[in-house]
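Accompanying notes for the structure given below.
Side chains included, hydrogens not; waters and symmetry mates left out as well; all remaining heavy atoms used. Quick note on labels: first sequence line is chain A, next is B, and so on, each numbered from 1.
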Number of protein chains: 2
Amino acid sequence: MPTLSPSAFVVLGLLDRYGPMTPYGLDQRIQGSIGYFWGFPRSQLYSEAARLARFGLVTEVQEAEGRRRRLLSITDAGAAELARWLTQAPTEPAEIRDAGLLRLFFQGSSDQSVEQLAAEQEQAHRGRLAEYVQLVTDAGIPENSPQLLTLTMGMRYEELAIDFWAKIKDGRTQISTSATPACAPTTE
Amino acid sequence: MPTLSPSAFVVLGLLDRYGPMTPYGLDQRIQGSIGYFWGFPRSQLYSEAARLARFGLVTEVQEAEGRRRRLLSITDAGAAELARWLTQAPTEPAEIRDAGLLRLFFQGSSDQSVEQLAAEQEQAHRGRLAEYVQLVTDAGIPENSPQLLTLTMGMRYEELAIDFWAKIKDGRTQISTSATPACAPTTE
DNA sequence: AGACAACCGTACAGCTTGGACCATAGGAAT
DNA sequence: ATTCCTATGGTCCAAGCTGTACGGTTGTCT
């Protein structure tokens, strides 16, 4: 069995937590929760499910007629694979895939279009933060759950981004890192 | 001409800033700078260059023998396209592609493996931060340049991540967002 | 009945990814 | 000189991923 992609574990994780679902149902779950942190286009869900079925990690039962739903269920092998991933994973480095930062990087030093970019980005991040706040209040996310923690990180990131772009917009470009200079890696 | 991918603009941007280069040279530039924010596998550089050449945004001149280098140069059309992207772009939302957060999301509430995960992640982010610090001191990044700003954001993100995971590790899970609750999006 | 929205699946061209492989050039060591 | 090592530079390719468009089904409202 080849190594599974992180997306595969999104499928396994959701099936494990919420029980059998159709790919469509998975899509609903993903949008508005983990989709913010790990994008997952709908079209991939079907192929991903098929792949997982091929490896025996989920079972697929398709209705013969009508909507021809594919009901997915996680198998014992799938649950085991998930558990293994949850505890011991290779920890690929994170990557901030932010087109705004990319554009900033390629701006000329004197370009005053930087300020325009900063204003745009600040707005965008404010919007995203508002979505998160909405999620926390509306959706029934259990207190002290890992889901809430994840979302908290998302909000903190948005706050950081808002502050970052706002300072650029106002011309207060800070060179040094923030107040508390988190120290170098501990020797191990 | 189809819409270009962000990666295409990485190529255009580097050629525009540093002058003609081989794909290999681009790769060197990317690793250790913008590569942290927008991953770009080497093999894609050649196809991306070919695509840009097809659209007339760069010119490719390949040596007939020896190392058969492909020297890439940005064309006027390419520079125009770049300038257009720099000023007016559609601003796709950012996405934190962090496998660590993904794993956190799928942890069970009572799992004490959360702490182990947090410890791992904290270490990883400390390492990444150290790389950034190295870059700032070593590489000749101009003061007050957009490149330095981008890197600053990277460092601030790492500090945030370190703090986030450290708190989880120590069991101090904070529900609310950080001190200054950056306000809702301004009405527009 | 008809219109409409939500539900659910399929198809596919083009792009991306990771890794393996090969070949050249320059320098260092024997 | 010959060998070896490393950096340089390119090519290939099977998989997987992405976006988008399309086509049916079911429930609901009028």
Self-check item: Atom pair OH/OG1 of A/Y46 and A/T22 - distance to nearest 0.5 Å
Solution: 6.5 Å
Quiz item: For B/S73, which residues count as a side-chain contact (heavy atoms from CB on, under 4.5 Å) partner, sequence neighbours excluded?
Solution: B/P20, B/T59
Self-check item: Along DNA chain D (nearest heavy atom to each residue), the more 5'-positioned of A/S5 and B/R68
Solution: B/R68
Practice problem: Taking ring pair (Phe, Tyr, Trp, His ring centres under 6.0 Å) as the test, write out the residues that go with A/F9, two or more places apart. | Solution: A/W85
Practice problem: For the helix from C/dA1-D/dT30 to C/dT30-D/dA1, measure the angle between the helix axis at one end and the axis at the other, each built from five pairs, rounding to 10°. | Solution: 10°
Quiz item: How many angstroms lie between atom CG of B/L52 and atom OG of B/S47, to the nearest 0.5 angstrom?
Solution: 9.5 Å
Quiz item: Could you state the CZ-C1' distance from A/R51 to D/dA15, rounded to the nearest angstrom?
Solution: 8 Å
Practice problem: Kindly compute the distance separating NZ (A/K167) from CG (B/L149), expressed to the nearest 0.5 Å. | Solution: 11.5 Å
Exercise. Please assess B/E120 against B/R103 for the test side-chain contact (heavy atoms from CB on, under 4.5 Å), listing each intermediate value before the final yes or no.
Key: CA-CA 12 Å; B/E120 271 175 39; B/R103 276 166 69 201; 3.6 Å; yes
Quiz item: For B/G56, does its backbone N or O pair with a side-chain atom of B/T75 as donor and acceptor, under 3.5 Å?
Solution: yes
Quiz item: Roughly how far, to the nearest 0.5 Å, is the CG atom of B/L86 from the CG atom of A/L102?
Solution: 9.0 Å
Exercise. Strictly below 4.0 Å, heavy-atom distances to any atom of DNA chain C: list the hits from residues 11-47 of chain B, or just say none.
Key: B/P41, B/S43, B/Q44
Quiz item: Is the shortest distance from a Lys or Arg side-chain nitrogen in B/R97 or A/E95 to a carboxylate oxygen in the other one below 4.0 Å?
Solution: no
Quiz prompt | Minimal non-hydrogen separation, B/E115 against B/I168, with atom names | solution = CG-O, 4.4 Å
Quiz prompt | Inter-residue atom distance B/D27.CG - B/Q44.CD, 0.5 Å rounding | solution = 11.5 Å
Practice problem: Scan residues 55-64 of chain A against DNA chain C and write down, sorted by residue number, each residue with any heavy atom closer than 4.0 Å; if none is found, say none. | Solution: A/Q62
Quiz item: First and last nucleotide of DNA chain C touching chain B, 5' to 3', heavy-atom cut-off 4.0 Å?
Solution: C/dC15 to C/dA25
Quiz item: Heavy atoms under 4.0 Å, any strand shown: does A/R67 hit a base, just sugar-phosphate, or nothing?
Solution: base
Exercise. With rounding to the nearest 0.5 Å, note down the distance linking CG in A/L129 to OH in A/Y157.
Key: 12.5 Å
Quiz item: Salt bridge check: are B/E159 and B/R156 linked by an N-O gap of less than 4.0 Å?
Solution: no
